[in-house]
Amino acid sequence: MSNEIIIQGPNVAHTIEGATEHHGHEHHEQHFIWKYIFSQDHKVIGKQFLVTGIIWAIIGALFSVFFRLQLGFPDSTFPIMEKFLGEWAKGGKLSPEFYYALITMHGTILVFFVLTAGLSGTFANILIPLQIGARDMASPFMNMLSYWFFFLASVFMFISLFVETGPASGGWTTYPPLSALKEASIGSGVGMDLWLIGMALFVISSLLGGLNYITTILNMRTKGMTMTRLPLTIWALFFTAVLGVLSFPVLFSGVVLLIFDRNFGTSFYLSEIFIGGKALPHIGGSAILYQHLFWFLGHPEVYIIMLPGMGMASEILSNNSRKPIFGYFAMVISLIGITVLAFLVWAHHMFVTGMSPFLGSIFVLLTLLIAVPSAVKVFNWLTTIWRGNIRFSVGMLFALGFVSMFISGGLTGIFLGNSALDIHLHDTYFVVAHFHIVMGVSAFFGMFAGVYHWFPKMFGRFMNNTLGYIHFFVTFAGAYLIFWPMHYEGIAGMPRRYYDYSAWESFKQFQNLNAFISIVAIVVFFAQLLFVLNFFTSIWRGRKVTVQNPWGSPTLEWTTPIRPGHGNWVGEIPEVHRWAYDYKDDGNGNDFIPQTTPLRPGEEAH
Amino acid sequence: MSGFITIALIILVFIIIYQIGKASEYAGVIRGEEKVKAQTNRTIGWLLLAFFILGLYGIWVCHQLLKDKMLPESASVEGVNYDSMFSATMWVTGIVFFATQALLFWFAFRYQSTEKRKPYFLAHNNKLELIWTTIPAIAMAALVAVGLRNWMNITSEAPKNSQVVEIVGKQFNWLIRYPGKDGVLGKRDFRNIDDANNILGLDWKDKDNQDDIIVQNGELHLIIGRPVKLIIGSRDVIHDVGLAHFRFKMDAVPGIVTTLWFTPKYTSEQMKKMTGNPDFVYEISCDQMCGKGHYSMRGTVIVQTQAEYDTWMASQPSYYSGNNPDAKTTAPAADAKPQQKTDSVKAITMK
């Protein structure tokens, strides 16, 4: 394939810079800045995404601890909060303005900065070249830009936390007119402008990354690596990138129009508004237009978050069951189905905006259709572990947890996608429970599974298993304890995004439950810090990997040296002869056959 | 000081857990990795099984604790369909939930790694794929059919004899306008709004406005058994009229008129008896984030008998009479002998 050209590139770089481990002592010559900061090595960029994602995740989760304290204990004060938040939590009591800022930033950070950039940024970068057999991405430079645009977006978002009027506080969806008018909300001032600039930069980062992933997968597979021999991780990351490339530009346009409405007097989203004691001149805009533009990204975004986890869970479940993934083609076809349908269901977030009921019914039909490919995936995962020889590595546990959470969260989607039920459940805690389980916890489990599984490849060391098991069971139990009872609150009509429920006759009976949920949430938060501790100490202190292929996996990344340098393989890139899931006796006592092993005489290809 | 101690304690616990983790790693190396691995694997298998059983028990406990805190039966005629559709969907998803979770945990436990076990090489089976593509598709088709039937019903035209009420959201309360005895809501324009004397921007040149009544305390008075059509609007940002007891909600969007109709089934008094809660009240919650006071944007619904409603209505002055100096001459609605059945039979239109 066209790898030869690429091989030239990095290889030339190697000879100049002497970068690979295997040039022995020479590798000190590459300056720290080019090796670790402005690196063009896909593996380093992946780690940069991961570490930035982890930092964001800690911030985002800490925010949830703060607002859960308010929700769980509305009558108490927590002086420690004043230490963190200053004016916003005078006397240890969160102000409503900042409560809304916290939930907004919690959502923005986790959806975009952690579960989009931190998840697909990390694993697309690390896994794509390694698993398809390429030296690096199609454009390592663009890849580096992708990270640095993400970094710049992060800087803007981070600064917005410290401006005097606070960060954006109109919800992570930032619907206008609330987000468009400074008079409507204190957070719709400078904080909102910074949010919009941050998001625009984020879209650029995502596009630069996505185009690279697609190009790399299509053009740079090693000899013999046909599309049908790709591991499912790569298929999933491929469709993730396709979704991002086709939908993020729409969010970009929505964001730009909102910037115009806010600063240049246009009326794209504004019409007939009386606020701050005066009638505004805007007429003829539509607040609903923004929601269409937002959700045209917003829904595919859900799958941008889910698909990498699905791909990694497929890989890890199969590997640790010592069995091929069941129904490889069905898995690929269902990924295609989900990808196509993801673009056709956005308006199910808008059933109660007053849009045409007829249009609504079409979106009901298309939305519930997604249940079919999702169900196929679940049944295939179940059949994959059936009659396996299951090894409970930490990665495997998280993959199993992923499936459990995906089932739980996916099924509640059937309620919400049906408009006649959504008309009651919309914007209640049922929705909060649904999406936190399915695209929050489940996606995080996919990510954790990936981190534990590929950590040896990333750093040449293992993460600590015992800490990993504790992390898994606390998080798994905690997630259900937090979100399961929330469904009840939602069925009782309890609205989301409320600062205090005590004045409501219909909702105040859940006060004890809210306190319980808050306590569990705080425990789970600390369990995540345990993961962070494990992650960072294991980079330097973890048990060293001593064998090339610790998990006994047929895929290509384990044919590289234990600590691969830039360019991944020493010498030739291996040639691929079989699919990625040949978990059968190789005749030498191994229970798998690497993709690089030629077919034996008389053996049939998959 | 207590904060400092808490933090110190947390850090201590972290160090201890970390040390345990490290120690177990070294112990594993000493005792022989393979043996430890096999033993850990067995332990985890049991833990997963225990997790599943405890989980089932937890689901049962959770349900026992919370089932009495749920909403009473639907307070609207149309909401009854919601309730039955909800339980149908719950049955379908519930069965799938328990079946798939049970398989997941059972397979994980049953097929945990042992020395002897040989994994069964099974790559694909088109018959199985076909089965579990078709069955969900059929189930979904059934749910879609029920859903769309209900959806068409609730989004259809409101019945001709509906009471018409306008409800307008603003930061952070609800303004409710009744059409008065002419049964017609007059024109309004956001440019006429004045918080002092024209809170909804009524057009005084439009005679239909003169008997319109605006209630500013968020009380929505409805009549039992009489369909009500809500004309929903917003003065500033997007709000949402949330009527949990009636199983409805609809956004209030500035610049756009949305509508919603339903038929109240129980009066507020009946509901107090049914729930056994003397403080029971139908509440209108704002369900679309609208700013810092979102959580306090509360209205109430008071469902009454026709007679009670008429008495209440008769005591309400028209907004015009209270806010225009020349109103005395034009006979405010309150003074006019209310031709009882305030706005009943006549077909009501919104200008």
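Proteins come first, then strands; the chains are lettered A, B, ... in the order of their sequence lines, and each starts at number 1.
Taking the six-membered ring wherever Trp is involved, the centroid distance between the rings of A:Trp504 and B:Tyr282 does not fall below 6.0 Å.
Of the two parts of A:Ser419, the backbone and the side chain both hold a non-hydrogen atom closer than 4.5 Å to a non-hydrogen atom of chain B. Contact of A:Ile103 with chain B is made through the side chain alone, with heavy-atom distances under 4.5 Å. Heavy-atom distances place both the backbone and the side chain of B:Lys22 under 4.5 Å from chain A. When heavy atoms are compared at a cutoff of 4.5 Å, A:Ile470 approaches chain B solely by way of its side chain, counted from C-beta outward. Looking at A:Pro176, only its backbone comes within 4.5 Å of chain B, counting heavy atoms on both sides. When heavy atoms are compared at a cutoff of 4.5 Å, B:Thr258 approaches chain A solely by way of its side chain, counted from C-beta outward. No part of B:Leu54 comes within reach of chain A, as not one of its non-hydrogen atoms sits under 4.5 angstrom from that chain. Heavy atoms closer than 4.5 Å to chain B are found in both the backbone and the side chain of A:Ala477. For A:Leu425, the parts lying near chain B are the backbone and the side chain together; criterion is any non-hydrogen pair under 4.5 Å. Using a 4.5 Å cut-off between heavy atoms, A:Ile80 touches chain B through its side chain atoms alone. Residue contact with chain B, scored on non-hydrogen atoms closer than 4.5 Å, is absent for A:Trp381. With a 4.5 Å cut-off on non-hydrogen atoms, A:Tyr501 does not touch chain B at all. Both the backbone and the side chain of A:Tyr488 come within contact range of chain B, with heavy atoms under 4.5 Å apart. At a 4.5 Å heavy-atom cutoff, the contact between A:Ser321 and chain B is made by backbone atoms alone. If you measure heavy-atom distances from A:Phe329 to chain B, you find no contacts under 4.5 Å at all. Heavy atoms closer than 4.5 Å to chain B are found nowhere in A:Ile186, neither backbone nor side chain. Contacts of A:Leu513 with chain B are made by side-chain atoms alone, with heavy-atom separations under 4.5 Å and no backbone atom involved.
Put simply, the side chain of B:Gln101 gets close to the backbone of A:Ser404: a donor and an acceptor are under 3.5 Å apart. In this structure, the side chain of A:Asn389 engages the main chain of B:Thr114 through a donor-acceptor pair within 3.5 Å. Using a distance-only test at 3.5 Å, with no hydrogens or angles considered, no donor-acceptor pair links the side chain of A:Asp427 to the main chain of B:Gln288. Counting only distance, with no hydrogens or angles, the side chain of B:Gln112 and the backbone of A:Arg391 share no donor-acceptor pair below 3.5 Å. Side-chain N or O atoms of B:Asp287 include none that pairs as donor or acceptor with a backbone N or O of A:Arg496 at under 3.5 Å. Side-chain atoms of B:Lys292 do not come within 3.5 Å of backbone N or O of A:Ser185 as any donor-acceptor pair. Counting only distance, with no hydrogens or angles, the side chain of B:Lys69 and the backbone of A:Gln509 share a donor-acceptor pair below 3.5 Å. In terms of modelled atom types and a separation under 3.5 Å, the side chain of B:Glu283 and the main chain of A:Glu505 share a donor-acceptor contact.
Per-residue heavy-atom pair counts under 4.5 Å with chain A were compared for B:Asn150, B:Asn81, B:Thr133, and the maximum is reached by B:Thr133. Ranked by non-hydrogen atom pairs under 4.5 Å with chain A, the options B:Arg110, B:Met85, B:His245, B:Met152 are led by B:Met85. Among the candidates B:Thr155, B:Val253, B:Asp236, B:Thr40, the residue making the largest number of heavy-atom pairs closer than 4.5 Å to chain A is B:Asp236. By number of non-hydrogen pairs under 4.5 angstrom with chain A, the leading residue of B:Ile20, B:Ile256, B:Ile10 is B:Ile10. The candidate from B:Val281, B:Thr134, B:Leu122 with the greatest count of non-hydrogen atom pairs under 4.5 Å with chain A is B:Leu122. For the set B:Ile238, B:Asp240, B:Ile154, the count of heavy-atom pairs under 4.5 angstrom toward chain A peaks at B:Ile238.
A heavy-atom distance below 4.5 Å is found between the side chains of B:Leu128 and A:Phe326. Residues A:Ile423 and B:Arg247 form no side-chain contact, since every pair of their non-hydrogen atoms from C-beta on lies 4.5 Å or further apart. Between A:Thr353 and B:Met250 the shortest side-chain heavy-atom distance does not fall below 4.5 Å. Side-chain contact between A:Ile390 and B:Ser113 is absent, with no heavy-atom pair separated by less than 4.5 Å. Between A:Phe274 and B:Asp194 there is no side-chain heavy-atom pair separated by less than 4.5 Å. A:Leu382 places a side-chain heavy atom less than 4.5 Å from the side chain of B:Thr100. Between A:Tyr583 and B:Pro119 the shortest side-chain heavy-atom distance does not fall below 4.5 Å.
Remark: B:Gln19 CD to A:Leu467 CG distance equals 10.0 Å, nearest 0.5 Å. A distance of 11.0 Å separates CE of A:Met494 from OG of B:Ser285, quoted to the nearest 0.5 Å. For the atom pair NE2 (A:His426) and CZ (B:Phe248), the distance works out to 15.0 Å, reported to the nearest 0.5 Å. How far OG1 of A:Thr383 is from CG of B:Leu103: 9.0 Å, rounded to the nearest 0.5 Å. The CG atom of B:Leu143 sits 9.0 Å away from the CZ atom of A:Phe415 when rounded to the nearest 0.5 Å.
Ring geometry, A:Trp386 versus B:Phe107: the interplanar angle falls from 30° to 60°, so the pair is classed tilted. Using bins of under 30°, 30° to 60° and over 60° for the plane-to-plane angle, the ring pair B:Phe51/A:Tyr480 lands in the tilted bin.
With no hydrogens or angles considered, a side-chain donor-acceptor pair links B:Glu129 and A:Asn380 at under 3.5 Å.
The ring-ring contact (aromatic ring centres under 6.0 Å, His included) test with B:Tyr295 is passed by exactly one of A:Tyr498, A:Phe507, A:Tyr499, A:Tyr99: A:Tyr499.
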